[in-house]
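Values reported hereafter were calculated over all heavy atoms of this structure, with side chains retained and with hydrogens, waters and symmetry mates removed. Both ligands and their constituent atoms are indexed starting at 1 by order of listing.
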Amino acid sequence: MVRRPALLTVPETVKALPERFTSRLHDERVAAWLGMALGVGFLTAFATGLVSHFMQHPPGWAQWPSRPVNLYRVTQGVHVIGGLATVPLLLAKLWTVYPRLLRWPPARSAAHGVRRLLVFVLVGGALFQLVTGVLNISYWYPFPFFFTTAHYWTSYILVGALLIHVANEWPKVRRTVMTRPQDAVERRAFLFTVAAASGAVVLTTVGEAFSPLARLAVLAPRRPGVGSQGLPVNKSAAGAGVAGAARDPGWRLTVTGRVEREVTLSLAQLRALPSHRVRLPITCVEGWSAGASWDGVRLRDVLRLAGVTGDARVRVESLERGGLYRTSQVSPEHWHDPLTLLALDLNGEPLDLDHGYPCRLIAPDRPGVMQTKWVHRLVVA
Ligand SMILES: Nc1nc2c(c(=O)[nH]1)N[C@H]1C(S)=C(S)[C@@H](COP(=O)(O)O)O[C@H]1N2
Ligand SMILES: [Mo]
């Protein structure tokens, strides 16, 4: 008799695992319903995530519109709050199917092995997206990679695996939807509990973007109304290392680059230009958003002083020396918009140092990371 090496023998306890799962909820119908909800959740997150990505990295052939002013607020709110609501669904789905995930031997045939491998890619990708997403909005970065890049590329792997999985599982989904089971009570109670958990997550976070429910947003890291001048602050002036330079009376705004004439304005000169009041939200990519009233000078008026017209692109630069958000690009569509301001006042008072004093960009339908604070230079290209 040939003895198998110990490494290749599977312990009896592992072989017996599938038989030990006796709950009737480890079942095809529960898995199918949860799978459909997860499919909708992940595809929605993918679509809204692409919107956010291409808004921040415009591809050249497409410009994101500057109206409606709250469009990005809605897509990013759906992305983050919908993503959070997906967490209980994924946990429930994994619990439902884990006897199958542990099935032994790992593959009955090559094709079966490939299918199972795909399921592990799907599970890994889904966990990765939700875990990194939750950590990111909690300002906790224990991972050694840059969140945005990893989250973006993993989404393609996840959606690819998801589409193949849906194709493979389609017959089960059809069976589930087309037939009525005899003993539905237990299943229905379980699915109802999972839906309630998802709903509770939405109810305790949606106030971060929808201010009438702000008081309920106990699970949200930021809330409208909480922060200096009633607005959350992500990066303080001290944190950005600009507190000194921003308060310097010698501060000037310079318009330079491909201009007819270079323009330099003191704060008093900037305040002497025609002032406009707009109501626009700050919409952070992390999902929170808050409306505010802003007074300031139209960006297009300042650019016109330098003789800038047409389809020039403008880079807004902050006093900040480093950091990813020290500059942002403003497309022609955005700087021609009369709502796009170099804001000087917030909610009726001069901008707080933490909100970008002496001057910040505020534009409609734009991610918070591109609403540059402590502006001191406009570079035209
Ligand atoms: N110069 C600079 N501007 C910046 C940032 C920054 O880190 N540096 N953070 C941005 C981010 S991520 C957001 S959400 C908004 C937040 O604006 P608030 O602090 O005025 O609410 O400012 C943006 N402007
Ligand atoms: Mo942000």
Winner among Arg326, Glu317, Glu320, Met370 once heavy atoms are compared against atom 8 (N) of ligand 1
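Residue with the shortest heavy-atom distance to the ligand atom: Glu320.
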Heavy-atom nearest option to atom 16 (C) of ligand 1, drawn from Val242, Ile282, Leu319, Leu361:
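Of the listed residues, Ile282 has the closest heavy atom.
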Salt bridge Lys373-Asp352, side-chain N to carboxylate O under 4.0 Å:
no
Using a 4.0 Å heavy-atom cut-off, say whether [X] meets ligand 1 through its side chain, its backbone, both or neither.
{"X": "Lys373", "answer": "both"}
{"X": "Ala240", "answer": "neither"}
{"X": "Glu286", "answer": "neither"}

According to a 4.5 Å side-chain heavy-atom criterion applied to Ile, Leu, Val, Met, Phe, Trp and Tyr, with indirect links allowed, do [X] and [Y] form part of one hydrophobic cluster?
{"X": "Val316", "Y": "Leu265", "answer": "yes"}
{"X": "Leu102", "Y": "Leu94", "answer": "yes"}
{"X": "Leu353", "Y": "Trp251", "answer": "yes"}

When you measure from [atom] to every protein heavy atom, which one gives the shortest distance, and what is it?
{"atom": "atom 5 (C) of ligand 1", "answer": "Tyr325 CB, 4.0 Å"}
{"atom": "atom 24 (N) of ligand 1", "answer": "Gln371 O, 3.0 Å"}
{"atom": "atom 20 (O) of ligand 1", "answer": "Arg360 NH1, 2.4 Å"}
{"atom": "atom 10 (C) of ligand 1", "answer": "Gly368 O, 3.5 Å"}
{"atom": "atom 21 (O) of ligand 1", "answer": "Pro232 O, 2.5 Å"}
{"atom": "atom 12 (S) of ligand 1", "answer": "Val369 CG1, 3.5 Å"}

Atoms of ligand 1 less than 4.0 Å from [X] heavy atoms?
{"X": "Ser318", "answer": "1 (N)"}
{"X": "Asn234", "answer": "12 (S), 14 (S), 19 (O)"}
{"X": "Cys284", "answer": "14 (S)"}
{"X": "Lys235", "answer": "7 (O)"}

Is a donor on one side and an acceptor on the other found under 3.5 Å between the side chain of Asp365 and the backbone of Asn70?
no
Do [X] and [Y] have side-chain atoms, one donor and one acceptor, less than 3.5 Å apart?
{"X": "Thr372", "Y": "Ser328", "value": "yes"}
{"X": "Ser331", "Y": "Gln63", "value": "yes"}
{"X": "Thr340", "Y": "Arg366", "value": "no"}

Are the ring centres of Trp153 and Phe145 closer than 6.0 Å?
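No, ring centres 6.0 Å or more apart.
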Parallel under 30°, tilted from 30 to 60°, perpendicular over 60°: which one fits the rings of His151 and His79?
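Perpendicular.
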Over 60° means perpendicular and under 30° means parallel, so classify the ring planes of Phe54 and Tyr152, tilted if in between.
perpendicular
Within the structure, does Trp374 bring an N/O atom to less than 3.5 angstrom of an N/O atom in ligand 1?
no
Would you say Gly356 touches ligand 1, if touching means a heavy atom closer than 4.0 Å?
no
